[in-house]
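See structure below.
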Amino acid sequence: MSLPILDLSAFTSPSSTTDSKRAAASALSAACRDHGFFYLRHTLGPLEQRALALAREFFLTSSPSTKSRISRLNPGDGGDGARGYQKLNENITQGKTDFHEGIDYYSPVVEPKLLDPAHPEKGYELLMGVNLFPQEVEGFQETFEAFWDELRKLGDRVMVAMAWALGYEEDEEVLLRQTRNGFWSARVIGYPELKKEDGGEGGISCGEHSDYGCTTFLLADPTPGALQVLAKTGEWIDADPIEGCYVVNIGDMMELWTNGLWASTRHRVIHTKSGFRVSIPFFYEPNFDAVVEPLDKCVAVAGGEKKYQPKKYGDHLIEKVSGNFYKAPEADQGK
Ligand SMILES: N=C(N)NCCCC[C@H](N)C(=O)O
Ligand SMILES: O=C(O)CCC(=O)C(=O)O
Ligand SMILES: [Fe+2]
């Protein structure tokens with residue numbers, strides 16, 4: 001089985017007809033319902049190759065001190081426990097360490113929140129610090145900021161397409177209203193190949209999980225056989241990169257909005273092929289304060305049964321992120 005390839009240009013070009021939008025929305029609806037994962041034909045030109053090359057340069061040529069300078073654990077420098085660099089095996093999924101390194105980014109907050117304003121060296125509240133860029137890698141910050149700007153715009157268009165796909169042609173901003181100031185997130189991830197001595201047998205590059213928010217747009221280098229998607233049949237299928245496409249998937253908040261019609265599909269990464277793999281997922285998310293609840297039309301499909309309780313996206317994110325690393329640094333002491 002392979003995942004469908006969609007073209008949503010009817011929603012990105014200003015001159016498209018209602019019929020072409022309906023046709024695209026109908027293919028989108030089937031893909032989200034049947035798989036929760038699909039390929040989206042879309043390119044941003046040289047920006048993508050630049051971002052992948054800079055990510056690779058960062059992981060493979062930066063010194064350990066460059067990396068630790070932007071650690072998520074440097075409280076005074078902006079690290080808030082979530083934003084920043086994490087080394088191999090620092091991220092955990094389902095209680096097991098993930099064999100990848102990465103830098104995590106989130107939507108900038110207007111006023112970063114210090115834990116204790118009298119003691120800035122104590123750092124920031126979880127998720128409320130500042131983004132950390134490796135200034136030694138020339139062009140890194142500008143390239144990624146430009147890249148994410150484009151993906152935010154793409155995500156906005158996809159929200160309109162998804163509204164159509166859910167029957168909201170007459171109220172096409174039903175999702176966009178709650179994502180326009182989205183608390184987006186992004187990761188820049190490096191995966192060395194899993195080898196036996198690294199725990200290769202049974203080891204994992206990124207354990208099975210669902211994404212937390214709305215819709216994920218993944219750009220990865222051409223390495224095959226790494227990202228796997230749990231199909232409804234229970235089989236794991238490869239979601240290998242296709243040139244000119246993003247791999248797109250549904251997150252937990254979209255499952256909630258759709259009352260379970262579109263599942264937040266589980267996936268994992270097992271990179272055993274040769275070479276260092278780089279991937280850069282962008283997580284297009286609801287507003288931090290958005291209270292997400294099943295949409296009326298999706299509830300109607302279920303015969304009026306609301307299968308989910310409303311949830312504030314920010315609460316869901318904090319819950320998830322709090323479980324992504326070993327608890328407070330104190331807990332690690334003496335290990
Ligand atoms: N923002 C997202 N989706 N990040 C996914 C990170 C990988 C899984 C994570 N350790 C977990 O256990 O959820
Ligand atoms: O690297 C990948 O292909 C996917 C990573 C992922 O699923 C995540 O970071 O949420
Ligand atoms: Fe993921």
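Just the heavy atoms: all of them, side chains too, but no hydrogens, waters or symmetry mates, feed the values below.
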Side-chain heavy-atom pair [X], [Y] within 4.5 angstrom cut-off:
X: L230; Y: E208; result: yes
X: K122; Y: L114; result: no
X: R187; Y: I189; result: yes
X: E90; Y: Y85; result: no
X: H100; Y: V269; result: no
X: F276; Y: D221; result: no
X: E255; Y: Y308; result: yes
X: M159; Y: C214; result: yes

Is the number of heavy atoms from other residues, nucleotides or ligands within 6.0 Å of [atom1] ([X]) greater than 12?
X: D238; atom1: CG; answer: yes
X: Q309; atom1: CD; answer: no
X: K312; atom1: NZ; answer: yes
X: R177; atom1: CZ; answer: yes

Step through it carefully: locate the ring centre of W148, locate the ring centre of Y105, and say whether they are under 6.0 Å apart.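 Yes: the rings meet the under 6.0 Å criterion.
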Ring centres of F283 and F217 under 6.0 Å apart?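 No, the ring of F283 stays outside the 6.0 Å limit from the ring of F217, centre to centre.
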Rounded to the nearest 0.5 Å, how far does [atom2] of [Y] lie from [atom1] of [X]?
X: S107; Y: L127; atom1: OG; atom2: CG; result: 10.5 Å
X: S9; Y: H42; atom1: OG; atom2: NE2; result: 10.0 Å
X: D98; Y: I204; atom1: CG; atom2: CD1; result: 7.5 Å
X: I242; Y: L40; atom1: CD1; atom2: CG; result: 11.5 Å
X: R157; Y: R152; atom1: CZ; atom2: CZ; result: 14.0 Å
X: L44; Y: L154; atom1: CG; atom2: CG; result: 7.0 Å

Quick one: salt bridge (charged side-chain N to carboxylate O under 4.0 Å, His left out) pairs with a partner in residues 223-235, sequence neighbours left out?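 For residues 223-235: none.
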Looking at [X] and [Y], would you say the former's side chain and the latter's main chain have a donor-acceptor pair under 3.5 Å?
X: T179; Y: P286; value: no
X: N287; Y: G182; value: yes
X: R72; Y: G81; value: yes
X: Y168; Y: V160; value: no
X: T258; Y: M254; value: yes

Connected via hydrophobic side-chain network under 4.5 Å: [X] and [Y]:
X: I70; Y: L73; answer: no
X: L218; Y: F59; answer: no
X: I237; Y: Y246; answer: no
X: Y313; Y: W262; answer: yes
X: L132; Y: V109; answer: yes

Please determine whether side chain to side chain contact (heavy atoms under 4.5 Å, CB included) holds for the pair D80 and E125, giving the CA-CA distance in whole Å, both sets of side-chain angles, and the decisive distance to 0.1 Å. CA-CA 6 Å; D80 59 10; E125 279 180 31; over 6 Å; no
[X] bridged to [Y] by N-O distance under 4.0 Å:
X: K153; Y: D156; value: no
X: R69; Y: D77; value: no
X: E101; Y: K67; value: yes
X: K311; Y: E293; value: no
X: D104; Y: R83; value: no
X: R22; Y: E169; value: yes
X: E57; Y: R50; value: no

Search all heavy atoms of [X] against all heavy atoms of [Y] and return the closest pair with its distance.
X: S68; Y: N74; value: O-ND2, 2.7 Å
X: S322; Y: L126; value: OG-CD2, 3.7 Å
X: L166; Y: C298; value: CD2-SG, 4.0 Å

Compile the donor-acceptor pairs under 3.5 Å between side chains in residues 31-39 and protein atoms, sequence neighbours left out, one pair per line.
from	atom 1	to	atom 2	distance (Å)
Y39	OH	D240	N	3.3
Y39	OH	D240	O	2.6

Partner set under ring-ring contact (aromatic ring centres under 6.0 Å, His included) for [X], not counting sequence neighbours:
X: W164; answer: F11
X: F288; answer: F183
X: H209; answer: H267

Do you see a donor-acceptor pair shorter than 3.5 Å between the side chains of Q86 and N91?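 Yes.
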Hydrogens and angles aside, do S20 and T17 bring a side-chain donor and acceptor to less than 3.5 Å of each other?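 On atom types as modelled, these side chains qualify, holding a pair under 3.5 Å.
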Kindly determine whether E305 and V299 satisfy side chain to side chain contact (heavy atoms under 4.5 Å, CB included), including the steps that lead there. CA-CA 6 Å; E305 188 198 347; V299 174; 5.9 Å; no
Mutual orientation of the aromatic rings belonging to F133 and F140 [parallel < 30°, tilted 30-60°, perpendicular > 60°]: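 Because their plane-to-plane angle is over 60°, the rings of F133 and F140 count as perpendicular.
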Residues in salt bridge (Lys or Arg N to Asp or Glu O under 4.0 Å) with D211, at least two apart?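 In terms of salt bridge (Lys or Arg N to Asp or Glu O under 4.0 Å), with neighbours along the sequence ignored, D211 is linked to no residue.
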Between T66 and S63, does the side chain to side chain donor-acceptor pair (under 3.5 Å) criterion hold? Intermediate values first, please. CA-CA 5 Å; T66 296; S63 65; 3.1 Å; yes
Go through it in stages, so that I can follow the logic: the residues are I250 and T265, the test is side chain to side chain contact (heavy atoms under 4.5 Å, CB included), and I'd like the CA-CA distance, side-chain angles, deciding distance and then a yes or no. CA-CA 7 Å; I250 297 299; T265 303; 5.5 Å; no
Only one of L176, L8, L28, V174 forms a side-chain contact (heavy atoms from CB on, under 4.5 Å) with M162, so which one is it?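 The side-chain contact (heavy atoms from CB on, under 4.5 Å) with M162 is passed solely by L28 among L176, L8, L28, V174.
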Test side chain to side chain contact (heavy atoms under 4.5 Å, CB included) applied to T223 and H271, step by step: CA-CA 9 Å; T223 313; H271 170 46; 3.5 Å; yes
As a test of understanding, state which of Y106, Y284, Y212, F282 forms a ring pair (Phe, Tyr, Trp, His ring centres under 6.0 Å) with W184.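 Considering Y106, Y284, Y212, F282, a ring pair (Phe, Tyr, Trp, His ring centres under 6.0 Å) with W184 is found only for F282.
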